[in-house]
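Data block below; observations after.
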Amino acid sequence: MTSHPDGPVLEARGVSVRFRTRAGEARALDGADLRVRAGEIVALVGESGSGKTTLARTLVGVQRPTEGQVLLDGTPLPTRAKALAPFRRRVQMVLQDPAGALNPRHTVYDSVAEGLRLHGLSQGADGRGEEQQVADALSAAGLRPPEPLFLRYPHELSGGQRQRVLIAGALALSPQLLVADEPVSALDASIRGEVLALLLSLRETLGLGVLVVTHDLGLAWNVADRTAVMYLGRVVEEGPTEQVLTDPQHPYTQALLSVVPEVEGLAPQVLRGEVPDPTHVPAGCRFHPRCPALADGRAEAAGVAAACRGTALPVLPIAEDGAHRAACHLVTPPG
Amino acid sequence: MSAEARVEPGAPVLAVEDLHLTYVTADGDVPALRGVSLEVRSGEVLGLAGESGCGKSSLASTVLRLQPASARVSGRVLVSGEDVLTLRWGALRAVRWAGASIVFQGALHSLDPVQRVGHQIEEPIALHEPGTSPAERRRRVAELLEQVGLPAARARAYPHQLSGGQRQRVMIAMALACRPDLVVADEPTTALDVMVQAQVLALLSELVRGSGVAMVLISHDLSVLGQMSDRVAVMYAGRVVEQGPASAVLGDARHPYAAALSGAFPRVGDPAARFAPSGLPGDPPDLRSLPPGCPFAPRCHRAAPTCAEAEPALLPLAVPSGPTSAAGPAGPAGPAGPRERLAACVRLEES
Ligand SMILES: Nc1ncnc2c1ncn2[C@@H]1O[C@H](COP(=O)(O)OP(=O)(O)OP(=O)(O)O)[C@@H](O)[C@H]1O
Ligand SMILES: Nc1ncnc2c1ncn2[C@@H]1O[C@H](COP(=O)(O)OP(=O)(O)OP(=O)(O)O)[C@@H](O)[C@H]1O
Ligand code: SF4
Ligand SMILES: [Mg+2]
Ligand SMILES: [Mg+2]
C-alpha cells in the first residue's frame, strides 16, 4: 500500500444523519466510522439505500451530521459555511457527469475555472495564472494537450472525457482528498477503465487519497486498497480489499459477494425482502432479520443467536493497524 | 406449454437473417443495424452485449416490428417460422404478446401510474383471448404474480406503491401474460440494486428452464450475461462481431473489441485485474460516418492497413481453439451457420 502516514487524513467518527420523513425518522447514517488517508483508495460499497451517498456528503461537509464528527487531520470540521471554505478546497467531491454535473453551456475552460473563481484563486499563490492552472488541471486529468479542449462544450466530448473534465475541476483546487460518488457507473465499460486508471495514477503521482462510492465490487477489486461495506447506515465490515472481497467475514458481505455476477463459484444466497428500511432499524444486530447465518442455525450453534436478536453491536472502530474487521456476533462473540 | 405446440423441438424460435435497419432523421441516415443474423432455440438464452449505441435496443424493437415507421428495414425476422416484417397487421398482433414479448429498457417508468398493476397485466390477455371470462383472467393474473414471486394481492397495488424490483417483476409478468415462445428482455435489471437484480435474474432463469421459452437478454453488463446466457453475441456499430458459447466468448474472446469489453469486467479475486483496470481508448463510432473497412479499426490495437480495405465478414473460428495456435478461422469451409463460434476480424487469420 502506498498510503502516506504523514499525509492528510479524513475521518468520520460515530457519524449519524437523521432525516424526518412521513414514515418517521430515517436513520440514513447510524454511527458510521470511516477513514481515508492520502495516497490510499477506499471503496465504499453496499446495497442501495445503505447510506453511502449520505456518508460521502457528510465527509465533504455538504451534509451536517446529526451526531458525531468529521475530522480533517484531527481537527473537527467547522460548522459555519465561511470557515468551511478552506476545508472544501482540500477535500473535493467529484460528481457523476451523466447526472448533468457539467453545465452544457459552459466551455471546458469555464467548467474547470469555475471552482478557482469561486474560491478567489484565479491568481494562484504559486504565481500561476488562471489559464495555467486550468491547463495543468486538465493535463493532470489525462486530457493532454489541454489547450485544444478549452473551448469545447460537453456535447463535443466523449463520456470518458466529460468525466475527466469533472475530475480536472476538482484537481484545479489542488485538493488532498477526493470523494467520488459512483464516478463511472453510468459510463460504458470500455470508457470506465480509463477513468479508473486515472484515479490510480493520481494516487501515485499526487499522493491523492480517494473515497469511491460504488455498488460495483469489480471496481473495488480494480482500484481500492481498502473496502468498507455498509449496511443500513453503518460500516459492517472493513479491511484490505483482498481480504474483504475474497475472505468476507460478515454474513451480509458473504451474501452480497455470492450474488454479484463478478464473483464466480459461490452458491448464491439471495436475501429475501426488499431494501432495508432506515425508519425501522431492527434491534440487536441490524442485519438479523435477513441474516442467513441466523436462519440456517450457524448463529445458534455458536451460541450467539440470542445476542443476534437482542444485543446491538458496537460501531466498528477505525483500525489503527489497517486490520480486517466485521461487526457480527459470530465474528466477535459478545463477552 | 405452447412452445412445444408451435415450435418443432430444435427448430429456432427466433431466426434473424441479414437484418438491416436505418433510421431516417433530419441530420441524415443512421444505419443502426447493418446485417445481423442470429438464432435462438426454445429453452435457450442468447445474451446480446455491446457498448451504448451499438444497436441492441434497435434489434429488440425490430424483432417485434416496433421500430419507427419512417425507418428502412430489410432482411428477415422469423418468429416461430413466420416473418414478422411482412406479416399482415392482424397476424402481427397475434405474434406480439403470444409469439414474442418484450421487457423494455427503462420499463420501470412505463407502467401506467393510475391503473392497478393487476389490470395492466390483464389487458393483453383480454385483447388476445377475448373468449376468457373476467374471473378466468383474474385467476391468470394471480398465477402470473405468484410466478414472478409477488403475492396475488399485489394485483390491487398502483405502480408507485411498489419498489423498483417489484415493478420490474410486474413488467415480467405482463410479458409472460400470453405465454409467449420468445421473451426479449432489454436491460431488465440495469436500474436495480444488486440484491434485487439477483432476485430478478434468478426469476428469469427459472422461467427459461421451467417453461422452455427462448430468451434474448440484452445487457451492457457482461458479467450478467456470463451468468445467464447459453450463447453470447457481441455487437459493434450495428453488427455482430463475435458470437459463440457464453463461456468461450467471455473467457477467451477473439475479436479485439470483444476482448477489450470482457477485460473491462474484472472477476473479483483475479490477481491480473488488481490495480489494473482495463478499458478501451477512443470514442464510440459515429454511425453516420463510419470509416471504410472495419469500423473498430480506429480504436483497435491490432489494426493494420488491410483492416481499412473491406469490412470483415463474420466467419467461423477453428474449433477446438488453443490460445495461440488455432486462432485463425477455419476458412470458407461452408456457409457459416449462426450457431457456430464466429468472429469478424481479418487479423485473426494472420496470427
Ligand atoms: N434528504 C433525505 N430525506 C429523507 N431521507 C433521505 C434523504 N437522503 C437520503 N435519505 C434516505 O437515507 C437512506 C440512505 O440514502 P443514501 O442516498 O445515502 O443511500 P445510498 O447508499 O447512496 O444508496 P444508492 O446506492 O441507491 O445511491 C435511504 O433510505 C434514503 O431514502
Ligand atoms: N428513433 C431513432 N431515431 C434515430 N436514431 C436512433 C433512434 N433510436 C436509436 N437511434 C440511434 O441508433 C443507434 C443504436 O441505438 P440503440 O438504442 O439500438 O442502441 P443500444 O445498443 O440499445 O444502446 P444503449 O446501451 O445505450 O441502450 C444509436 O446511434 C442511436 O442514437
Ligand atoms: S450478528 Fe448474528 S444476525 Fe448479525 S450478521 Fe452476525 S450472525 Fe448474522
Ligand atoms: Mg448513492
Ligand atoms: Mg438500449
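Each chain gets a letter, A, B and so on, in the order the sequences are listed, and its residues count up from 1. Just so we're clear, the structure is a prediction, and the values are computed from it rather than from any experiment.
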May I ask you to decide if B:A264's main-chain N or O and A:R192's side chain share a donor-acceptor pair within less than 3.5 Å?
-> yes

Do A:W221 side-chain atoms and B:D270 backbone N/O form a donor-acceptor pair below 3.5 Å?
-> yes

Where is the tightest heavy-atom contact between A:T246 and B:G269, given as atom of each residue plus distance?
-> CG2-CA, 4.0 Å

Check whether A:L256 gets within reach of chain B through its side chain, its backbone, both or neither, counting any heavy atom under 4.5 Å.
-> both

Which heavy-atom pair separates A:L200 from B:A276 by the least distance, and what is that distance?
-> CD1-N, 4.5 Å

Could you look at A:L196 and say if it's the side chain, the backbone, both or neither that has a heavy atom under 4.5 Å from chain B?
-> both

B:M195 side chain near A:E47 side chain, heavy-atom distance below 4.5 Å = yes

Which bit of B:S52 comes within less than 4.5 Å of chain A, counting heavy atoms only: side chain, backbone, both or neither?
-> both

For the residue pair A:N222 and B:A273, what are the closest heavy atoms and their distance?
-> ND2-O, 2.9 Å

What are the two closest heavy atoms between B:P277 and A:A197, and how far apart are they?
-> CG-N, 3.6 Å

Write down the atom of B:V268, the atom of A:L217, and the distance for their closest heavy-atom approach.
-> CG2-O, 3.7 Å

Anything in residues 216-228 of chain B with a heavy-atom distance to chain A below 4.5 Å? Please list those residues in order.
-> B:D221, B:S223, B:V224, B:Q227

Are B:Q199 and A:L271 close enough that some pair of their side-chain heavy atoms sits under 4.5 Å apart?
-> no

Between A:E204 and B:F275, is any pair of side-chain heavy atoms under 4.5 Å apart?
-> no

Minimal non-hydrogen separation, B:R274 against A:A220, with atom names = NH1-O, 3.7 Å

So which of A:V263, A:L245, A:V260, A:T241 has the biggest tally of heavy-atom pairs under 4.5 Å with chain B?
-> A:T241

Given B:E51, B:Q197, B:R299, the one with more heavy-atom pairs under 4.5 angstrom with chain A than any other is B:E51

Residue B:R156 excluded, over 12 heavy atoms near CZ under 6.0 Å = no

